[in-house]
Amino acid sequence: MAIQRTFSIIKPDATKRNLTGKIAAKFEEAGLRIVASKRIQLTLAQAQAFYGVHAERPFFGELCEFMISEPIVVQVLEGEDAIAKNREVMGATNPADAADGTIRKEFALSIGENSVHGSDAPETAAEEIAFFFSGLELVG
Ligand code: ATP
Ligand code: MG
């Protein structure tokens with residue numbers, strides 16, 4: 001596997017509880033380098049666009065309201081097999097199913113307020129990085 005980049009969000013439930021540093025440490029301990037990072041607050045339109053793939057799901061409204069409820073930290077993570085590695089470090093969507101030592105097992109509050117987002121494939125990683133970062137912000 002080659003060096004990849006993936007996109008990560010530290011979600012409102014985690015920024016609110018001052019978990020940004022602890023979550024970033026998990027990425028770094030797993031060998032993922034944080035090559036870009038910024039704290040922002042999404043508008044409703046931005047949250048709806050970002051999670052557009054889930055527009056028909058029953059939890060879409062709740063998800064978008066949650067994602068705009070507090071600031072988030074958006075990051076680009078780089079490393080060997082970064083997309084899969086990040087999903088591994090994150091743990092399962094529902095913290096009740098997440099493996100020991102994962103971010104969601106340690107920090108998530110519920111299936112909705114689950115502390116982190118991570119891209120699920122090379123195509124979505126590229127799209128999501130471009131949604132939040134310009135080329136100038138990606139120094140590597
Ligand atoms: P993410 O895309 O945020 O990395 P994921 O890929 O593990 O998470 P998805 O199925 O893509 O999970 O769902 C996107 C997000 O929608 C979840 O992370 C969670 O915040 C929310 N979500 C998913 N399922 C539910 C549910 N049943 N009830 C409430 N919120 C949900
Ligand atoms: Mg997803």
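Numbering of ligands and ligand atoms starts at 1, following listing order.
- The closest side-chain heavy-atom distance from Thr6 to Arg87 is not below 4.5 Å.
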Self-check item: Pair Glu106-Lys22, salt bridge (Lys or Arg N to Asp or Glu O under 4.0 Å): steps then yes or no
Solution: CA-CA 10 Å; Glu106 287 189 22; Lys22 285 195 172 129; over 6 Å; no

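- Under a cut-off of 6.0 angstrom, the local environment of NZ in Lys38 is crowded, with over 12 non-hydrogen atoms contributed by other residues, nucleotides or ligands.
- Closer than 4.0 angstrom to ligand 1 sit non-hydrogen atoms from Lys11, Tyr51, His54, Phe59, Glu62, Leu63, Arg87, Met90, Thr93, Arg104, Ile111, Gly112, Asn114, His117, Gly118.
- Taking the side chain as every heavy atom from C-beta outward, Leu32 and Ile34 never approach each other to under 4.5 Å.
- For the pair Lys11 and Phe107, the NZ or CZ position fails the cation-pi test of under 6.0 Å to the six-membered ring centre and within 45 degrees of the ring normal.
- Across every non-hydrogen atom of Thr43 and Ile68, the tightest pair is O-CG2, 3.6 Å.
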